[in-house]
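To start, the structure itself, in structure tokens.
In each ligand, atom 1 is the first atom listed, and ligand 1 is the first ligand listed.
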Amino acid sequence: MRSRVWIDRWLDWPLAPTLGSGFPQRFRVWSKLPLNLDYEATVTCHASLPIELLYAAYPPCELSVIPSVCMSSATPRKKLQGNQGRMAEIFDKMKVEFVDQDESVQAVADNIHDTGEVPERYVRSEIKADPVIVDAEGYNLPVIDMSRLLNPEFSEEETAKLGSACENWGFFQLVNHRFNGGLLQKIKADITEFFSLPLEEKLAVAIPPNGIQGFGHHFVFSKEQKLDWVDILFLATRPVEERSLAFWPTKPSTFRDTMDKYSLELSNLSVQLFKVMANNLGVNQEALLGTFKGLPQSMRINYYPPCSQADKVLGLSPHTDGVGMTFLLQVNDVEGLQIRKDGRWFSVKAIPGALVVNIGDVLEVLTNGQYKSIEHRAVINPVKERITIATFHSVSLGCTIGPLQELLKAGEARYKVLDSVEFTKGYFSAKLEGRRYLESLKL
Ligand SMILES: O=C(O)CCC(=O)C(=O)O
Ligand SMILES: [Fe+2]
């Protein structure tokens, strides 16, 4: 019997008594707790009874076996373990534990209309401490043109521009990335629709206790900690065989397909950019790409509700990304990303249709500090919701992360060498506090 089980709920089997002929057949089961959720199931009959129920959430989800004792609605129910996939296994190993944050920030935002006050746990006194620059001269985020990078006539010049952006800003906007037709429109529409569903429906893919994937919150380590003004949907999107589709929304019905296509486009784009970066750094492309073998990718979809007291809350605490490279897509036209430059916060004006690309901690370490992983945060709009998709390209498991040998010829290593699990563990334990973790890696 196969042992992997993905449904993290108590199940009831109302149709079980009707089984008997015509296998395989499709029917629906529902979960009693905590919500009435429908799951599709495929039932197949084993050569010898008892029958095994093979659950396929939605093809091509991995199949899981429920022991035959569950066959009748009268039998005792069995608490099932959620399958969070490889990523959760790593988290388990690392002993990184988030505390449950059981309220949706969107619901909190709705309630403020009644009380008029932001709950104390979301009030961030530190926001006012640092000046913010909006539209200042000389503070234009570099714009990189993908079509020029790929055109032999202009690629050298554009590559140099990209290199300078990675060294001086750690961020740039990528235009002309040539995504297929309406894909960006589709992903934007599907994500917006998901977040506009009633809370009960979003909870169908809730992050389980000690889980990492699904709808909920990350980086909450204590009941006292101040909270970010955001609800998220986090999914490990690549490699494809490591997806836990149970956490992929089925509403809207096009969500999974759109996400799959978007994920592939970004993965291909990440390879193109890693290659350009290798050229710019003067290192072997394979040496750089080797760290990202298998192209692990995850997505954090951020839903920032509006807040009438927006200057009291923070959408996302100052942090660097603990990965190689991140692509940020603004799903609607509401701004809120700020990056720290020269000790001040600088508001990013996203070009419509562009992707905001930023260097993560891993690339800063690999390049021995030549490329910069820059601190950034998200602020809240007083009247409009803001939605973004951050797509992270991470290191492969089993890799070591340290300055690339080819870059050391000119000087000493400035960062420690760590195994990828150690590295990620350290990142999460540092609790999203600016550049604290990255600084701790310096020799
Ligand atoms: O939503 C944003 O503007 C920033 C998101 C981000 O930095 C992240 O998810 O890591
Ligand atoms: Fe980030």
Side-chain angles (χ1 to χ4, degrees), residues 98 105-106 124 127 132 134 141 166 169-174 187-188 191-192 195 207 212-220 227-237 262-263 266 270 296-307 310 313-341 345-352 354-364 371-381 384-394 424 427-428 430-438:
F98 294 131
V105 178
Q106 192 177 3
R124 312 290 286 264
I127 310 177
V132 176
V134 185
L141 201 57
C166 296
W169 286 83
F171 267 86
F172 57 86
Q173 305 214 44
L174 188 72
I187 190 88
K188 288 178 179 184
I191 299 279
T192 306
F195 279 102
I207 303 178
I212 171 94
Q213 294 193 66
F215 169 77
H217 307 94
H218 279 176
F219 293 103
V220 183
L227 299 175
D228 288 344
W229 194 258
V230 67
D231 291 330
I232 66 158
L233 173 64
F234 184 79
L235 299 172
T237 43
Y262 181 66
S263 144
L266 289 192
S270 76
Q297 182 198 64
S298 54
M299 291 197 198
R300 185 185 144 111
I301 303 161
N302 300 298
Y303 178 87
Y304 305 102
C307 178
V313 298
L314 256 190
L316 198 50
S317 300
H319 67 284
T320 55
D321 294 344
V323 298
M325 177 168 52
T326 306
F327 296 135
L328 187 81
L329 178 70
Q330 301 239 134
V331 169
N332 54 5
D333 291 331
V334 181
E335 280 159 20
L337 174 65
Q338 296 186 341
I339 67 180
R340 206 197 258 291
K341 178 125 177 82
W345 289 105
F346 159 78
S347 294
V348 173
K349 265 197 178 318
I351 300 170
L355 284 169
V356 175
V357 182
N358 68 287
I359 300 299
D361 297 354
V362 172
L363 267 182
E364 176 166 326
Y371 285 2
K372 307 286 186 311
S373 175
I374 296 294
E375 216 177 318
H376 53 286
R377 69 180 188 181
V379 296
I380 295 300
N381 187 289
K384 292 188 199 148
E385 66 184 13
R386 175 166 182 261
I387 309 178
T388 62
I389 312 174
T391 305
F392 305 113
H393 294 93
S394 325
T424 314
Y427 176 79
F428 279 99
K431 303 181 184 170
L432 217 61
E433 284 180 10
R435 276 181 55 94
R436 187 160 78 89
Y437 179 53
L438 203 42

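Near His376, with a cut-off below 4.0 Å to any heavy atom, the atoms of ligand 1 are 7 (O). Less than 4.0 angstrom separates some heavy atom of Arg300 from each of these atoms of ligand 1: 9 (O). Against a heavy-atom cut-off of under 4.0 Å, Ala390 is close to the following atoms of ligand 1: 8 (C), 9 (O).
For Thr388 and Gln330, the side-chain atoms include no donor-acceptor pair closer than 3.5 Å. With hydrogens and angles left out, the side-chain atoms of Ser263 and Gln297 include a donor and acceptor closer than 3.5 Å.
Annotation: atom 9 (O) of ligand 1 to nearest protein heavy atom, Asn302 ND2, 3.2 Å. Among all non-hydrogen protein atoms, the one lying nearest atom 3 (O) of ligand 1 is Arg386 NH2, 2.8 Å. When only non-hydrogen protein atoms are considered, atom 8 (C) of ligand 1 lies nearest to Leu316 CD2, 3.5 Å. Shortest contact from atom 10 (O) of ligand 1 to any protein heavy atom: His319 NE2, 3.1 Å.
Looking at Asp321, its N, O or S atom nearest to the Fe ion (ligand 2) turns out to be OD1.
Side-chain atoms of Ser298 never come within 3.5 Å of backbone atoms of Ala236 as a donor-acceptor pair (strictly under, hydrogens ignored).
Between atom CD1 of residue Ile339 and atom OG1 of residue Thr320 there is a gap of 13.0 Å, rounded to the nearest 0.5 Å. Residue Thr326 holds its OG1 atom at 11.5 Å from CE of Met299, rounded to the nearest 0.5 Å.
Taking only non-hydrogen atoms, the option from Phe234, Tyr304, Tyr303 nearest to atom 1 (O) of ligand 1 is Tyr304.
Taking any N or O of Thr388, backbone or side chain, at least one lies under 3.5 Å from an N or O belonging to ligand 1.
Ring-centre distance between Tyr371 and Trp169: not below the 6.0 Å cut-off.
Using cut-offs of 30° and 60° for the angle between ring planes, the Phe171 and His376 rings count as perpendicular.
With the Fe ion (ligand 2) as the vertex, NE2 of His376 and NE2 of His319 span 90° to the nearest 10°.
A salt bridge links Arg435 with Glu364: at least one charged nitrogen is closer than 4.0 Å to a carboxylate oxygen.
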